[in-house]
Amino acid sequence: MAKKKFYITTAIAYPNGRPHMGHALEIIQADALARLYKLFGEDVVFQTGTDEHGMKNWQTAEKEGLSVQDFLDKNVKVFVDLYKILNINYDNFIRTTDKNVHYKGANALWKKLVESGDLYKKKYKGLYCVGCESFKTEKELVDGKCPNHPTREIQVVEEENYFFKLSKYSKKIIEVIKKDEYKVVPETRKNEILSFLKGAKDISFSRPKSSLSWGIPVPDDEDHVMYVWCDALSNYITGAGYGNNEKRLKELWPADIHVIGKDILRFHAAFWPAMLMSAGVGLPKELFVHGFLQLSGMKMGKSTGNVVDPFAQVEKYGIDPFRFYILGAMPIDSDGDYNEEAVIERINNELVANLANFCYRVLSFTNKNLDSRISTIDENKVIDEIKPKFDSVKEQFEKRDFKQAIAEIMEVSALGNRYFQEKEPWKLFKEDEEKAREVLGTCVNIVKCLSILVNPIMPEFSSEIQKQIGVKDLKWKDLDFSLSDCKIGKAKILIKKLENIEIEKVFPLNLKVAQIVKAEEHPEADKLVVLQLDLGEEKRQIVAGIKKNYSVDELVGKKIVVVTNLKPAKLRGIESNGMLLAAVHKDDAIVLEVKDAKPGTQVGFPEYENNTAQIKIDDFAKVKMKVENERAVYDHLVLKAGDEEVIAKGAKDGSKVS
RNA sequence: AGCGGGGUAGGGCAGUCAGGAGUGCCCGUCGGGCUCAUAACCCGAAGGUCGGUAGUUCAAAUCUACCCCCCGCUACCA
């Protein structure tokens, strides 16, 4: 029998829109693992793909005026393009709309579950929200309404669906997860799923064709379509040959690692193993669950045009540095942070200054002063210090802690830098060339080892360094100091320090100075006042909730700050076209004012661009501005109208500005 | 509100599960060294009541209980 291959997968992406940073994160992590196990000498098969059924895809396609298939083809291509740009070395790309491979496999799996007696039909009566297109539980409702669509009525809908006996398997699954036969990494996720499994109920496994037409038909029952579990999760085995290529399946399955995000833990650590058990298929060995990337400083979302686009980021920072940052940004058991200032900092001060510079420094020195030749190396202290690091790096990789693995690698090059400094070869080579050759021999070997260690993270950099040394395709077992009496190639700078990079910072609000020309009490409300404003070029009417704090008379003539890009709304029947800014602390509200600035003057922060796109009230609520010293402060910057600081007179420090 | 994450030096983090002198990393600041290298590298210093209170203990950043504060998600969520 052929040797078992090392099979690693990512979750399949839902190609309903463009790929975002999260997709980049997951595929980079999986790719790094795939490369790691190749270094270890495994025969790796790496699969990714797309999850193409479901109402959302269907609807979005319709909205764009395309046939579903055209829509999907178009979107999937963008994912494939991204993976190419990211230097992702996958072997198989599975699409759930693939009739030859996937449909066959999914059908085979369904039939197996039927044979095991684990699928049964049940009438399901549920509370259905048309807005969400999904069933809600009693608990999720707020005052009997869907929290996301409070204006719509919840309908009681009765459907007949197939159900899968998850409950039958929950005990067994708890066992295998506890024993690490199905290893859930990290620990926190393992605990989480174990507590979920205790109360696991059977799951709905199909949808009537009438409510979900875009999916795989249930075998022998035309009225039903498979729900996402059998349709999507099954990709891991169908792509490996289940139901379509038994020989291949034997080589690949069980999967060695599934890489997924924390949001789909339940499906992979509970539903999926239960399905496999029911079908009599072995379980995957490991489930590696990553957190999310928080896009700090720019988390305003789509409406403000502030989405971080992985394509643009790679373009800006380069593939390897981007991979380096992404992998280094994720703590093993919590969310990571992506912000461009940190990206630049880490690339410049760690990647370039420490590691890349060490490589160049060593190789170019050897080129220039030693005729590119190194000799045998002495037994020496630095080697003893470095050798144990190889195991530490491996250990961290095996824990899937890329962040720590990178930290360990950086220590190797830091040790190299220190050694170079101590030995002062730039002096030594003038007095004792042979001695200098030994020192550089040691250094070149360190560079060689670094090129191996760093390979899963930065494949391009790794192979380029090896090229410069004159070696190729080194594996983990080549981590040694055996390179001697040889000539190296020409040194080149591979990763440059980033300078003059512009980080586009957008302040989500478009603020202007407005003078109150008229103020009246709102006839229908006891908290609101209606203000007529002069904004220089234009007039506006806004409604503000400050009746308790100000009389209408004292408001007239004030020059205040108004949000001008807010979607207009009617408040108790009167249209409000904007919102004034005030410092709010409990029941106090103090209006932000300016003295000299003319009506219509742009208000903002010179460091930020002002967003002009219209935003919704929820987006506005996300803007964190606070009072410090009677000034409005955002990101440590003081809000200004031209040169003039905007004042909230008498406002307490820490008051929210809203 | 529910769920999740967090509060450790001026900023950003690791350390906490298996308690043992505040140990460490990156940036910033200050001082020194080096000049091979991408103004990179090396050495050193200043800077902390480890969110609070109470407890367990010979010993608590770490364990227990209670409390306070921040953030994220319910949405393009991998």
Side-chain angles (χ1 to χ4, degrees), chain A residues 10-30 48 51 56 60 79 132 139-140 142 146-148 186-188 191-192 259-264 289-296 299 301-303 307-310 328-329 331-337 339 341-342 344-346 348-354 356-370 401 403-404 406-408 410-411 413-414 416-429 436 439-440 443 491 493-499 616 618-619 622 624 636 654:
Chain A
T10 67
I12 48 178
Y14 201 72
N16 173 47
R18 282 173 71 80
H20 51 72
M21 291 295 284
H23 294 111
L25 164 69
E26 179 164 310
I27 198 98
I28 288 172
Q29 287 189 329
T48 187
D51 170 16
K56 253 197 197 167
T60 315
F79 279 81
C132 298
K139 260 194 190 167
E140 286 173 302
V142 178
C146 166
N148 301 327
E187 202 76 12
T188 50
N191 296 336
E192 200 177 314
V259 180
I260 64 160
K262 67 178 183 184
D263 56 320
I264 50 176
V289 189
H290 63 249
F292 294 156
L293 261 184
Q294 305 296 351
L295 309 178
S296 80
K299 44 195 155 200
K302 232 181 205 169
S303 59
V307 183
V308 181
D309 174 26
I332 179 71
D333 55 5
S334 66
D335 291 350
D337 194 54
N339 81 73
E341 277 160 53
I344 293 171
E345 191 181 296
R346 296 211 41 209
N348 283 349
N349 299 320
E350 288 186 50
L351 178 55
V352 175
N354 183 351
N357 180 51
F358 175 69
C359 295
Y360 181 67
R361 167 185 208 198
V362 166
L363 301 182
S364 74
F365 186 94
T366 312
N367 285 160
K368 285 177 197 161
N369 302 316
L370 297 171
D401 194 338
K403 192 179 168 130
Q404 277 307 309
I406 288 175
E408 299 284 349
M410 297 315 283
E411 273 185 48
S413 73
N417 270 320
R418 194 187 308 163
Y419 174 75
F420 197 101
Q421 193 69 32
E422 271 170 14
K423 294 292 173 185
E424 301 186 314
W426 56 90
K427 284 181 189 160
L428 192 61
F429 91 95
V439 169
L440 266 295
C443 289
I493 289 180
L494 295 173
I495 302 173
K496 287 217 172 72
K497 215 170 162 163
L498 299 165
E499 269 154 341
K616 285 191 224 151
D618 328 4
D619 292 320
K622 286 184 192 167
K624 304 291 177 204
H636 309 291

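In this text, all values refer to a predicted model and were calculated from it rather than measured experimentally. In the text below, chain A, chain B and the rest are named by the order of the sequence lines, each starting its count at 1.
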More 5' along RNA chain B: A/Arg346 or A/Glu424, using each one's nearest nucleotide?
A/Arg346
Under a 3.5 Å cut-off for both distances, is B/rC41 Watson-Crick or wobble paired, and to whom?
B/rG33
Nearest-Å distance for atom pair CD1/C1', residues A/Ile27 and B/rC77:
16 Å
N or O in side chain of A/Lys427 less than 4.0 angstrom from B/rU35 OP1/OP2:
yes
Check the distance between B/rA37's C1' and A/Phe420's CZ and give it to me in whole angstrom.
7 Å
Within this structure, what is the OH-to-P distance between A/Tyr360 and B/rU38, rounded to whole angstrom?
5 Å
Using Watson-Crick geometry (N1-N3 plus N6-O4 or O6-N4) or G-U wobble (N1-O2, O6-N3), each under 3.5 Å, B/rC66 is paired with B/rG52
Please work out if A/Ala407 contacts a base, only the sugar-phosphate, or nothing of the nucleic acid, heavy-atom cut-off 4.0 Å.
nothing
Measuring from atom CZ of A/Arg18 to atom NE2 of A/His23, what distance do you get when rounded to the nearest 0.5 angstrom?
12.0 Å
If only side-chain N and O atoms of A/Lys56 are considered, is one of them under 4.0 Å from the OP1 or OP2 phosphate oxygen of B/rC77?
yes
Measure the shortest side-chain to side-chain distance between A/Glu26 and A/Val259 over non-hydrogen atoms and say whether it is less than 4.5 angstrom.
yes
Could you work out the separation of B/rG5 and B/rG28 based on their C1' atoms and round it to a whole Å?
27 Å
Sugar-phosphate or base contact per nucleotide [nucleotides 9-17 of chain B; S, B, -; heavy atom under 4.0 Å]:
----SS---
Sugar-phosphate only, base, or nothing, as touched by A/Gln421 at under 4.0 Å among non-hydrogen atoms
base
Whole angstrom is fine here: how far is it from CD in A/Glu411 over to C1' in B/rC25?
8 Å
Assign A/Ile495 to base, sugar-phosphate, or nothing according to its heavy-atom contacts below 4.0 angstrom with the strands shown.
base
Are there over 12 heavy-atom neighbours, none belonging to A/Lys262, within less than 6.0 Å of that residue's NZ?
yes
Mind checking if A/Ala342 touches a base, just sugar-phosphate, or nothing, with heavy atoms under 4.0 Å?
nothing
Taking B/rA61 as the reference, what is the distance to B/rA45 when you measure between their C1' atoms (whole Å, please)?
25 Å
A/Asn349 side chain: which of B/rC27, B/rC36, B/rC76 is closest?
B/rC27
Within the 4.0 Å heavy-atom criterion, would you say A/Tyr14 contacts the bases, only the backbone, or no part of the nucleic acid?
nothing
Using Watson-Crick or G-U wobble geometry with both distances under 3.5 Å, which nucleotide pairs with B/rG72?
B/rC3
Between A/Glu350 and A/Leu494, which is nearer to the 5' end of RNA chain B once each is assigned its nearest nucleotide?
A/Glu350
Can you check the distance between B/rG10 and B/rU29, where both ends of the measurement are the P atom (answer in whole Å)?
15 Å
Contacts of type side-chain contact (heavy atoms from CB on, under 4.5 Å), residue A/Asn417, not counting sequence neighbours
A/Asn354, A/Phe358, A/Arg361
Taking atom CZ of A/Arg346 and atom CD1 of A/Ile344, what is their separation to the nearest 0.5 Å?
13.5 Å
Can you check whether any acceptor in the base of B/rC76 is under 3.5 Å from a donor in the side chain of A/Arg18, or vice versa?
no
Measure the CD1-CD distance between A/Ile260 and A/Gln29 for me, rounded to the nearest 0.5 Å.
11.5 Å
From OG1 (A/Thr10) to CD1 (A/Ile27), nearest 0.5 Å
4.5 Å
Rounded distance in Å - CD (A/Glu422) to C1' (B/rG33):
13 Å
If you measure from the C1' atom in B/rC34 to the same atom in B/rC69, how many Å do you get, rounded?
47 Å
Checking base pairs now: Watson-Crick or wobble, both atom distances under 3.5 Å. What partners B/rC25?
B/rG12
Would you mind reading off the distance between A/Ile493 atom CD1 and B/rC36 atom P, rounded to a whole angstrom?
15 Å
Only counting residues at least two apart or in another chain, list the ones meeting side-chain contact (heavy atoms from CB on, under 4.5 Å) with A/Ala436.
A/Leu370, A/Leu428, A/Phe429
Touch class at under 4.0 angstrom, heavy-atom based, for A/Ala13 against every strand present:
nothing
Rounding to an integer number of angstrom, what distance separates B/rG7 and B/rU62 when you compare their P atoms?
12 Å
With heavy-atom distances below 4.5 Å as the criterion, would you say the side chains of A/Leu440 and A/Phe420 are in contact?
yes
Just name whichever nucleotide pairs with B/rC17, Watson-Crick or G-U, keeping both distances under 3.5 Å, else none.
none
Closest to the side chain of A/Lys368, out of B/rA37, B/rA40, B/rC42, is B/rA37
Which part of the nucleic acid, if any, lies within contact of A/Leu25, taking any heavy atom under 4.0 Å across all strands shown: a base, the sugar-phosphate backbone alone, or nothing?
nothing
In whole angstrom, give me the gap between the C1' atoms of B/rC50 and B/rG12.
16 Å
Taking the P atom in each of B/rU38 and B/rC42, what is the distance between them to the nearest angstrom?
16 Å
Interatomic distance at C1', B/rA60 relative to B/rU16, whole Å
10 Å
Which value, rounded to the nearest 0.5 Å, describes the distance between A/Asn357 atom CG and A/Ile495 atom CD1?
11.5 Å
For atom CZ of A/Phe358 and atom P of B/rC36, their distance in whole Å
17 Å
What is the separation between atom CZ on A/Phe429 and atom C1' on B/rA37, rounded to the nearest whole Å?
14 Å
Just compare B/rC42, B/rU38, B/rU35 and give me whichever is closest to any side-chain atom of A/Asn417.
B/rC42
Categorize A/Lys423 for me: base, sugar-phosphate, or nothing, with a 4.0 angstrom heavy-atom threshold over every strand shown.
nothing
Evaluate whether the aromatic ring of A/Trp426 and the six-membered ring of the B/rC36 base sit under 5.5 Å apart, centre to centre, with an inclination under 30°.
yes
Any side-chain heavy-atom pair of A/Val439 and A/Tyr419 under 4.5 Å
yes
Verify the contact: side-chain N or O of A/Arg418 to OP1 or OP2 of B/rC43, cut-off strictly under 4.0 Å; return yes or no.
yes
